[in-house]
Amino acid sequence: MTTDSTDTPTGTRAQWLEDRALRTIIGTALALPYKRRVALMGWLVRKVIAPRVGYRKRALDNLAYIWPDMPEAEKARIADGVCDNFGRAFIENYSVRDLLARADQTMLTGDGLPAIEAARAEGRPVLFVTGHFGNFEAPRAALVRQGYQIGGLYRPIANPYFNQHYAQNMHDLSGPVFEQGRRGTMGLYKHLKQGGMAVLLFDIYDSGGVPIDFLGKPAPTLTSAAEIAAKTGALLVPFFGVRQADGLGFVAEFDAPLTHDDIVDQTRAMTAALEARIARHPEQWFWIHRRWKPKRQRRRAAATTAP
């Protein structure tokens with residue numbers, strides 16, 4: 001289902017108040033010049049918001065789970081970088097005009113570019129897969145500036161008031177955008193079948209997913225992207241928006257299309273592509289996500305083996 005800004009969301013008063021606060025922060029930041037707003041949001045999330053809402057602790061806990069022998073100072077440095085990058089990406093993606101304008105300066109690189117250009121010429125669909133790394137909208141913005149139209153499938157935010165403008169914002173960058181679920185997935189299938197291009201983020205915990213090792217630990221992962229590509233004949237291309245040292249610019253990296261026949265092998269391959277980026281820039285992946293949920297995995301495993 002594509003987004004519809006005319007729908008009136010319904011939720012709790014607490015959710016409404018939370019959305020009002022977020023709108024105030026976003027509106028205040030958007031009133032500032034672009035460079036100042038991006039730097040400010042990075043600082044605000046790193047120094048104020050993340051420590052208070054538990055994001056920084058979650059990042060530290062995840063880092064300890066994956067790299068227990070890493071020095072504490074290095075974990076703290078990465079966690080702070082994660083929070084800063086999250087804040088920057090958040091306001092960048094609400095700065096649609098500026099993000100598109102600055103996308104002219106984004107370098108597009110990688111073995112996948114010729115295949116993408118050939119697919120557009122042939123009218124063949126392309127499904128881009130990526131993770132919550134750097135800014136995952138930066139490559140999409142760069143392609144839009146090259147004349148591509150890139151849709152996507154997104155997981156709705158729990159707060160319905162916030163989700164309304166969050167989804168509309170993604171649609172404003174380049175539609176159509178489909179909400180995860182049966183109707184949205186069918187819409188995405190139709191879009192791809194017609195030769196369209198779209199983005200799907202795959203690095204989210206899902207209890208119904210296949211346990212695929214991610215950074216050395218099993219992480220339930222949906223194979224939806226590979227399944228959709230197989231059914232629509234779409235090229236399956238990993239891409240990543242790598243933030244540069246100035247904190248503002250990006251390099252958009254496009255890997256060669258995945259060629260594995262098995263959908264689990266394809267999902268492992270896209271996972272490996274994300275792991276390679278995290279190895280180079282660990283502070284750019286969203287360690288604030290509950291990606292592994294080891295306690296829940298143990299409980300589910302115990303439940304399935306219980307007599």
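Along the sequence shown, the residues carry numbers beginning at 1.
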task = State, without any angle test, whether N93 and N169 hold a side-chain donor-acceptor pair at a distance under 3.5 Å.
result = no

ask   = Hey, is the main chain of G247 close enough, under 3.5 Å, to the side chain of R88 for a donor-acceptor pair?
value = yes

task = Could you tell me whether the side chain of Q266 and the main chain of H260 form a donor-acceptor pair under 3.5 Å?
result = yes

query = D265 and R268: salt bridge (Lys or Arg N to Asp or Glu O under 4.0 Å), yes or no, with the steps?
reply = CA-CA 5 Å; D265 287 342; R268 287 195 180 101; 3.2 Å; yes

Q284 side chain to R243 backbone, donor-acceptor under 3.5 Å = yes

query = Sub-3.5 Å donor-acceptor pair from the side chain of E275 to the main-chain atoms of L215, do we have one?
reply = yes

request  = In plain terms, say whether R77 and E74 are close enough for a salt bridge, that is, a side-chain N and a carboxylate O under 4.0 Å apart.
outcome  = yes

query = Would a distance-only check, ignoring hydrogens and angles, find a side-chain to backbone donor-acceptor pair under 3.5 Å from W292 to I66?
reply = no

ask   = Between the side chain of R277 and the main-chain N/O of A273, is any donor-acceptor distance below 3.5 Å?
value = yes

T12 side chain vs Q15 backbone, donor-acceptor pair below 3.5 Å = yes

When the side chains of residues 121-134 are checked against the rest of the protein, which donor-acceptor pairs come out under 3.5 Å, sequence neighbours left out?
residue, atom, partner, partner atom, Å
R124, NE, G233, O, 3.0
R124, NH2, G233, O, 3.4
T130, OG1, F239, O, 2.6
H132, ND1, D203, OD1, 2.7

ask   = Are the side chain of R58 and the backbone N or O of I288 linked by a donor-acceptor pair below 3.5 Å?
value = yes

ask   = Around atom CZ of R182, are there more than 12 heavy atoms of other residues, nucleotides or ligands at under 6.0 Å?
value = no

remark   = In this structure, CG of L173 is separated from CD of E137 (nearest 0.5 Å) by 5.5 Å

ask   = Is it true that D246 and K35 make a salt bridge, defined as a side-chain N closer than 4.0 Å to a carboxylate O?
value = no

inquiry  = Strictly below 4.0 Å, N to O, side chains only: are D206 and R155 in salt-bridge contact?
reply    = yes

inquiry  = Just by distance, no angles: are the side chains of E18 and N159 close enough, under 3.5 Å, to form a donor-acceptor pair?
reply    = yes

query = In terms of hydrophobic clustering (I, L, V, M, F, W, Y; side-chain heavy atoms under 4.5 Å; direct or indirect links), are L201 and Y94 co-clustered?
reply = yes

No-hydrogen, no-angle side-chain donor-acceptor test under 3.5 Å, E179 and Y154 = yes

Interatomic spacing from CD1 in I78 to CH2 in W285 - rounded to 0.5 Å = 12.0 Å

task = Return yes if some donor-acceptor pair links the side-chain N/O of R56 with the main-chain N/O of C83 below 3.5 Å, else return no.
result = no

message = Quick check for you: to the nearest 0.5 Å, what is the distance between S95 atom OG and L32 atom CG?
response = 10.0 Å

message = When you measure from the side chain of Q149 to the backbone of G147, do you find a donor-acceptor pair of N or O atoms at a distance under 3.5 Å?
response = no

query = So, N62 versus R291: side-chain donor-acceptor pair below 3.5 Å or not?
reply = no

query = Does a side-chain N-to-carboxylate-O contact under 4.0 Å join E92 and R102?
reply = no

